[in-house]
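Input: a single structure, listed below in structure tokens.
For the single chain, residues carry numbers from 1 onward in sequence order. Both counts, for ligands and for their atoms, begin at 1 and track the order of listing.
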Amino acid sequence: METAEIRRRWLSFFESKGHLIVPSAPLIHQDPNLLFVNAGMVPFKPYFLGQETPPGPRATSVQKCVRTQDIEEVGKTSRHGTFFQMNGNFSFGDYFKEGAIRYAWELVTTSVDAGGFGLDGERLWATVYEDDDEAIELWLAHTGVPMERIVRRGKADNYWHMGVPGPGGPCSEIYYDRGPAYGPEGGPAVDEDRFLEFWNLVFMQYDLSAVRSKEDFDIAGELPQQNIDTGMGLERIASILQGVDNLYEIDEVFPVLQHAASMTGKTYGAQSGPSAGESHPDDVRLRVVADHVRSSLMLIGDGVTPGNEGRGYVLRRMLRRAVRSMRLLGYDEPCLPELLPISMGRMKASYPELETGFGRIAQIAYAEEEAFRRTLAAGTTILDLAVDRTKESGSSVLAGDQAFALHDTYGFPIDLTLEMAAEHGLEVDREGFTRLMSEQRQRAKADARAKKSAHGDTTAYRGVAEALGREVEFFGYQEVSGEGRVAGLLVDGSAAATATEGQEVEVVLDRTPFYAEGGGQLADGGLLRLAGGALVEVDDVQKPIGGLIVHRGRILTGEVGTGEQVFAEVDIARRRSISRAHTATHMVHKAIREALGDTATQAGSENSPGRFRFDFNASSAVPVSVLRDVEARVNQVLLDDLAVRAEVMTQAQAREAGAMALFGEKYGDAVRVISVGDWARELCGGTHAEHTSQLGLVTLLGESSIGAGVRRVEALVGTDAYSFLARERAIVGQLTELMKGRPEELPERVHGLLGKLKDAERELDKLRREALMAAGANLIAGVRDLGGVSFLGHDLGAGASADDVRTTVLDVRTRLGDERAAVVAVTGSANGRPVIVVATNASA
Ligand code: SER
């Protein structure tokens with residue numbers, strides 16, 4: 001029996017028993033405790049709790065559900081699916097245990113011809129909560145299930161609650177015996193694969209206040225009335241009625257699995273697993289693909305878009321697991337365009353909106369696959385390398401910093417790293433990873449504080465990114481202007497639909513030629529011309545979160561609205577000037593390494609219009625003569641007019657080509673390499689001049705230390721270098737004028753002048769000292785007797801330095817000798833600072 005038919009029969013059976021058919025709620029429900037609807041009763045929760053009045057005392061539905069806590073089990077068992085549908089019948093204070101049990105028995109055992117599911121009553125088992133004698137009595141009285149097939153079980157199996165505070169109660173489950181081929185005798189307590197649970201009848205009568213675990217919860221009290229909530233796994237009953245092994249093989253899922261098998265050349269079920277009872281890894285992967293493709297289809301259908309948090313992350317993870325499973329099966333091409341339409345084709349009978357909305361759904365899914373392919377291309381080699389190194393070192397734990405680098409640089413979510421490492425038999429140092437993540441968050445917060453215009457809270461950006469559903473396309477390597485669309489607008493850090501003249505805004509376009517600050521290169525500036533006539537002056541461009549390029553600026557005129565077409569124009573002069581600086585940085589880097597050796601690696605840089613600074617590792621100051629050589633070398637190469645090329649290549653190719661790549665930090669399979677002729681090659685994501693001659697001129701301004709073992713050179717490029725040199729020439733001109741000599745004589749002349757000046761100063765000093773001495777002799781006349789002590793007080797006045805005062809005091813004291821006690825006090829003041837020196841002699 002097809003799944004859609006089971007569904008139809010379910011609904012019409014309960015409709016015939018006076019139940020109102022309630023359409024499935026979307027997977028995203030307003031319940032703040034739930035990521036997704038995870039049970040059929042979720043939309044009815046307020047009715048059970050007596051908070052709202054139900055539209056009738058009885059209801060039935062087939063509810064879409066997603067549960068992902070057991071995602072690792074998908075494909076390995078016959079029972080775990082991330083998306084499933086739950087057939088439910090509900091009574092809000094109407095019928096209770098007896099009604100629920102009688103309806104259940106009737107529907108499952110009524111023959112197929114008579115509209116039921118036609119299961120053999122002899123194969124059915126029931127479980128009840130340990131002390132629920134009433135339920136046992138009802139099973140015995142109203143069904144064909146004998147005492148031998150009724151089992152009492154504890155809270156873990158037969159008490160149902162939502163996992164969060166809410167309604168709950170003891171339950172009774174119905175199991176189907178699939179026969180000895182599936183496992184040993186003994187009922188559900190012995191083997192849950194052979195005895196498959198497919199229907200749960202919950203006698204919902206308590207209000208749970210705290211839920212600590214499945215078995216540990218507090219009951220706040222009884223619900224206002226006794227209710228019934230039942231849930232039959234549609235996929236499970238389908239697997240029973242379709243006579244297949246598991247839910248991946250039912251009609252709604254299997255065609256995707258089969259197609260995935262034919263795409264990868266695998267034969268499903270052909271091989272047995274590594275140990276008895278286990279599935280072959282290929283079969284597990286095929287099931288994962290089939291399950292996750294369908295779940296993704298349903299999630300996107302209900303408005304979820306891939307993201308890095310919450311629901312978006314669950315979806316992203318499933319899409320990525322599907323794509324990766326296909327890769328592991330040997331299929332490297334985009335697979336969703338093949339598989340998603342098949343899944344939609346199977347699900348549309350029950351959910352026609354999937355067909356009408358398929359354009360949107362497919363676009364989101366395919367874009368995510370593309371983005372993930374890029375991520376994988378970049379990070380897989382790195383992961384493999386890290387795995388090799390870990391194994392070589394004899395460890396079985398991949399270091400936290402490796403996992404962090406993969407996350408930070410290549411967007412590998414930790415789950416992916418964990419899974420991929422596990423495939424190589426390695427664990428991951430999660431603690432180390434988490435620590436680095438939180439350190440990075442702290443840094444990001446500090447950065448955000450430092451950058452006035454940046455918003456530390458990235459929620460709004462994430463919202464825009466989710467709505468866009470893919471990365472912003474950057475086409476600024478090829479073009480400096482082009483069309484785009486306003487994909488998001490932020491005012492004061494919050495999303496806005498429109499913004500108007502004079503406002504500071506952040507604009508996200510779906511595609512842009514604007515280079516966002518990064519890789520040591522400052523952002524482009526420029527203009528956004530909106531289709532509606534508005535103009536936005538862009539003065540900063542940032543990437544606040546991965547894949548999102550944000551233009552910051554001010555609306556010069558008009559009104560900007562999301563969705564509007566834009567013509568984006570980069571300020572070409574600024575871009576060229578920055579690009580020249582960036583190319584010059586590469587050249588200086590190369591020349592410095594030629595001069596100092598390969599240990600002089602880059603430690604940082606900033607490329608701004610017409611100037612740059614370049615930090616590098618060196619243990620001591622770089623002699624001026626070396627700097628001069630570096631500058632000369634760069635300017636020489638610049639005249640050679642080397643072509644500057646950007647190429648994307650594998651890491652291995654880049655290494656082979658001699659790229660100055662910081663392989664220790666910047667890993668990647670596909671890397672962008674900038675070559676300056678055959679002379680300098682390095683990994684770089686920035687923009688550059690096309691030929692070295694466009695740089696015109698490079699002038700190093702000097703070199704300094706910026707920390708232990710790190711030096712910094714600053715330099716000017718192009719017209720800025722020219723203006724600097726022109727200014728220096730003007731100064732030299734003025735000096736030669738003053739010195740009345742030729743420029744080349746200037747140093748000698750200045751040297752001569754300085755020598756003369758020094759001689760003159762020395763002479764002056766001598767004269768002054770002599771004058772003070774002479775004055776000292778005269779001062780003696782002013783010595784007074786203060787009670788047997790000789791005292792001299794004298795003020796040398798303004799202009800007398802501390803030295804002068806001290807010299808005078810000592811001179812007078814010497815003259816007075818040691819016969820009588822003497823005190824000499826002299827004051828003066830130099831540069832506005834008073835000086836007092838008091839001296840006593842040995843007799844004082
Ligand atoms: N709420 C119960 C379950 O999810 C029955 O619908 O199993």
Fit a plane to each ring of Tyr159 and Tyr206, take the angle between them on a 0 to 90° scale, and name the class: parallel (under 30°), tilted (30 to 60°) or perpendicular (over 60°).
-> parallel
Check the angle between the aromatic planes of Phe92 and Phe44 and answer parallel, tilted or perpendicular using the 30° and 60° thresholds.
-> tilted
Mark up the atoms of ligand 1 that fall under 4.0 Å of a heavy atom belonging to [X], in ascending order.
X      : result
Gly231 : 5 (C), 6 (O)
Arg67  : 4 (O)
Met41  : 1 (N)
Asp229 : 1 (N), 2 (C), 5 (C), 6 (O)

Judging by distance only, is a nitrogen or oxygen of Asn38 under 3.5 angstrom from one on ligand 1?
-> no
Under 3.5 Å: N/O of Ala39 near N/O of ligand 1 = no
Proximity winner for atom 2 (C) of ligand 1, if only heavy atoms of Phe44, Trp199, Trp160, Phe90 are counted | Trp160
To which of Asn87, Asn200, Val202 does the heavy atom nearest atom 7 (O) of ligand 1 belong?
-> Asn200
Could you go step by step and tell me if Phe14 and Thr230 meet the side-chain contact (heavy atoms from CB on, under 4.5 Å) rule?
-> CA-CA 12 Å; Phe14 281 104; Thr230 89; 5.6 Å; no
Sub-4.0 Å heavy-atom approach of Met86 to ligand 1 | yes
Asp245 versus Tyr182, side-chain donor and acceptor atoms under 3.5 Å | yes
Any cation-pi pair here, Arg7 with Tyr351, using under 6.0 Å and within 45°?
-> yes
Pi-cation contact, Phe217 with Lys155 (under 6.0 Å, within 45°) | yes
Side chain, backbone, both or neither: His161 near ligand 1, heavy atoms under 4.0 Å | neither
Taking Glu249 for the side chain and Val244 for the main chain, is one N or O donor matched with an acceptor at less than 3.5 Å?
-> no
